[in-house]
Structures are given as C-alpha cells and as structure tokens.
Amino acid sequence: MRALGALLVRDVRLAARAGGSAVLALAFFAAVVTLVPFGIGSDAKLLARVAGGVLWVAAVLANLLALDRLFQADYEDGSLDLLALSPLSFEGITVAKMTAHWLTTGLPLTILSPVLALLLNLPATAYTALIVSLLIGTPAVSAIGSVAAALTLSIRRGGLLFPLLVLPLLTPVVIFGAGAVLARLDGVENGAIWLLAAFSVAAVLLAPFVGAAALRLNLSE
Amino acid sequence: MFGYANPKRFMELSGRLLPWLGATTAILFAAGLYLSFTAPPDYRQGDTVRIMFIHVPAAWVAMMGYGFMALASLIGLVNRHPLADVAAKQAAPLGALFTALALITGSLWGRPMWGTYWQWDGRLTSFLLLLFLYLGYIALWNAIENEVRAAKAAAILALVGVVNLPIIEFSVQWWTTLHQGESIFRRGGPTISAVFLWPLFIMAAAYTLLFFTLLLVRMRTEILERRMRALALAANA
C-alpha cells in the first residue's frame, strides 16, 4: 500500500511540475474548444447545442495526449523494471499509474470545463450534467487508455498508433457523456448518466488486470 | 483438435484440403451469383435488391471474422500455441476486407434506396467502428517487432475489443434512437420470401468458405515465411 502511494505521489508530481503533462493537457483542451467556433461559426444557439459534445470530444483528445507515454518513459529509462522488482504487483502499478493520470488530467479537465462551457454558451441547466458526466466518464478514459498504453509501451512511435487503438473503444464514453448533457438540454431523462457510470465502473475494475497482463508480456523476454 | 495444430501436420492437411475447399467455394459462388441474378426484382427495391446478396453475407462474415480472431487469440494466449496466433493474425486483414466490402456495398445500396451514401444509422456506424478495431489490431501486429510479444499484445487487444464490441454496438444503437428525428429510413419492409432467401444463404455459405480458403492460404504463406526466415538465420550462423 505504501509503495502504491509512493508511486502515485511520484507520478502526480512529475505530471504537475514544469514541463509535465497536466498543464499541457489543459492548454490543449482549451485550444481545441477555442478552435471550434472558428470552424462552425459563432451562432450562439448552435454553439449551445453542440457544447456538450465538443467539450466531451476535446476532453477525450486531451486525455490521450499524456496517456500514450504513461508507461513508456519509465520503460525506456528502466524504472519500470525496478518497479517490477518492487513489492508492487503489476496490477498495483497499473492502478497507481491510471489514478495518477486521472488526478492530473481528468480531474483538472472537469474543473476547467464549466469555464469553457461558458465560452460555448451552454445553458445554465446543463452545467451539472456536464460536470457530473465528465467526473464519472473520465476515469473510464484513463482506464482504457492505460491498457492501450501498456500494450504499446515498447513501440517507439506508439503515439501514432495509440489513438487508432483507443478511440473506437472509447465511443461509448463519448456517446453517453455527451448524451447526458444533451438530455438535460432537452429536459428529458434518458439514463445516459447511469449507462456511463456502469461503463466506467466496469472499465476501472477490469483495466488493472488487463493492463497488468500487457505489462507482464512486455517485460518478459 | 490440437493434434492438427502442429505446423507440420497443419501444412500437410491444409495442402490436401485447400483444392477441395477452393473448388467448393467457386461452385457455391457460381450457383449463388446465378440465383442472385435470376431472382425476380423486388417490388419495392427493384434490381437494387441484388446488392443485398453480396452485401449481407459480407457483413455476416465480417462479424464472424472478429469472433474467430478473438477465439484464436484466446487459444493463442491460454494454450500458447503459435498456430493460433498465426490464425488470428491472418484473419484480421480478411475481416477488415469483408467489413470494408460490407460498408461499400451498403453505401452503394443506400444511395438508390435511402437517397444517401452514408447515414449515421446504428448498424452503419458500428460497422465503421468494427473496421477501426480491425485496423488497430493489424497496426499493433505490425508495430511490434518481436513476434511473440506482438502476438500476445494483439491477442489482448482482440479480447478487449470483443468484450467492448457489444457495448459499442449497444451505445451506438442507443445513440441513434436518441437522434430518432433524423433517421427516417428503415430497413427491411416485408419479410423476405424464399426466392430471395435461397441466393442469400448460398452466398453466405460461399463467403464463409471464401474466408476460410483465403485464411488457409494466408496461414500457409505465413508459416512458409517463418520457416524461410529461420533457415536464413541458420544459414548465416
């Protein structure tokens, strides 16, 4: 437990400090959202309608930025071998990495999202749905992403391959997440948030085991 | 079953089986295509109904291919059998091909029937995602140099995909009902009559056999390639 905590704290620190991924992901998130009105026009009604979907897509993309290197840096400098020798199990390593990623990407993105939603003219009624859906959904992004990161850790140009592997698997998150915001806009109850929660719980529970299997195969010779 | 999984015995058996399999596939295709073209035109779809005979079986085989790939991946992962890895690896490009074929013929059918090449309909969208899953699997295989590692990593990806596929399918269906206002197009209509059912089934059998014939050819090529590499290594040493 102490080892897990130590790894978690280390990873959070690495991401939070200068040159770390946390701030970059946030900046990317903001930049993508800012680009959207330039692409589709500044019509306030249209922006309000698409705000939930745009924020969700941008959030998923921003998550991918830091994900593909989740294990790679440690693999290249040998820390991952040392971690494998430590009392931590591979499952534990995956849990620590994925939690650290969520704390430094998913959570800050969720906190920033209302500000960007304001820019996109999202109606006040949908803010809770947006924040809650991001809070529930982003752990699933971190979980599925960490599995793919563990699978691709030995590939030098894995960053190019990574989105192709992850994005199809993440469609349910985007559909349910954006669907929850849209449902609130239309004032209907469609259960999207519960489906999102179910998907997220399953992803977070299963990911450590699959991620551990992927780490094991990459570290065995 | 695993007795035949020895590469040497596999090569012998598949070598003997292949001509028969190929001939049966050709005969089924001839019969299926003949029936497809002699079937009367549908009273609503007209001659475009014939696209269905090459479209629907392609979609079936595309899905079966993913199931086969996942099953072979599971066997490869659990029993550590290299032949299962070869089967999974070689099934992927075929599956991707049939998926692409289903998408293309579907959009060619959609143009006259729905008035559009593409519709964000549940089945179309989930097939597009299936194509991406296939492509990701192939890309992962190609990206990892070490063959054993590549096989295991790809197998894990295939299994994650097969667990996720029903969820993706469900979410996309859910999403299209959410956007119900836009999807005025409905498939189907009246139940299919026997004149259309026969060519459909024969074409389905032909497509399935084609998949396995090509799979065997590809697996044999892969095994021969591996032998060649091993021989080259031995000659250099």
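All figures in this text were calculated on a predicted structure; none of them were measured in a lab. Proteins come first, then strands; the chains are lettered A, B, ... in the order of their sequence lines, and each starts at number 1.
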_Option from Leu165(A), Leu169(A), Leu164(A) for which side chain to side chain contact (heavy atoms under 4.5 Å, CB included) with Leu133(B) holds_ =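 Going through the options one by one, the only one that passes is Leu169(A).
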Could you state the interatomic distance from CD1 (Ile175(A)) to CD1 (Ile168(B)), rounded to the nearest 0.5 Å?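 It is 8.5 Å, given to the nearest 0.5 Å.
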* Output the distance between atom CD1 (Ile155(A)) and atom CZ (Arg149(B)), rounded to the nearest 0.5 Å. =>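 It is 10.5 Å, given to the nearest 0.5 Å.
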Fill in: Shortest non-hydrogen separation from Leu161(A) to Gly136(B) and the atoms involved
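That closest heavy-atom pairing would be CD1-O, 4.4 Å.
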Item checked: Shortest non-hydrogen contact between Ile144(B) and Ser154(A), atoms and distance ->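 Of all heavy-atom pairs spanning Ile144(B) and Ser154(A), the closest is CG2-OG, 4.4 Å.
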Do the side chains of [Y] and [X] get nearer than 4.5 Å, heavy atoms only?
X	Y	answer
Asn164(B)	Ile144(A)	yes
Thr171(A)	Trp175(B)	no
Leu151(A)	Val160(B)	no

Are the aromatic ring centres of Trp174(B) and Phe176(A) under 6.0 angstrom apart?
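When the ring centroids of Trp174(B) and Phe176(A) are compared, they turn out to be within the sub-6.0 Å range.
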Donor-acceptor pairs under 3.5 Å, side chain of residues 228-237 of chain B to any protein atom, not counting sequence neighbours: which ones?
unit_1, atom_1, unit_2, atom_2, d
Arg229(B), NH1, Glu147(B), OE2, 2.9
Asn236(B), ND2, Ala232(B), O, 3.3

* Asked: Which residue pairs satisfy the salt bridge (charged side-chain N to carboxylate O under 4.0 Å, His left out) criterion with at least one member in residues 72-83 of chain A, sequence neighbours excluded?
  ->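 Only Arg10(A)-Asp74(A), Arg69(A)-Glu76(A), Asp74(A)-Lys97(A) qualify under salt bridge (charged side-chain N to carboxylate O under 4.0 Å, His left out).
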- Query: Has Phe132(B) got more than 12 heavy atoms of other residues, nucleotides or ligands less than 6.0 Å from its CZ?
  - Reply: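 Atom CZ in Phe132(B) is not packed in, count stays at 12 or less.
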Take a 6.0 Å sphere around CH2 of Trp194(A) and say whether it holds more than 12 heavy atoms from other residues, nucleotides or ligands.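 Atom CH2 in Trp194(A) is not crowded, with 12 or fewer foreign heavy atoms closer than 6.0 Å.
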| query | What part of Ala192(A) gets closer than 4.5 Å to chain B, counting heavy atoms only: side chain, backbone, both or neither? | reply |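 When you check distances to chain B, atoms from both the backbone and side chain of Ala192(A) fall under 4.5 Å.
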* Which portion of Leu195(A) sits near chain B, non-hydrogen atoms under 4.5 angstrom ->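 For Leu195(A), the side chain is the part near chain B, not the backbone.
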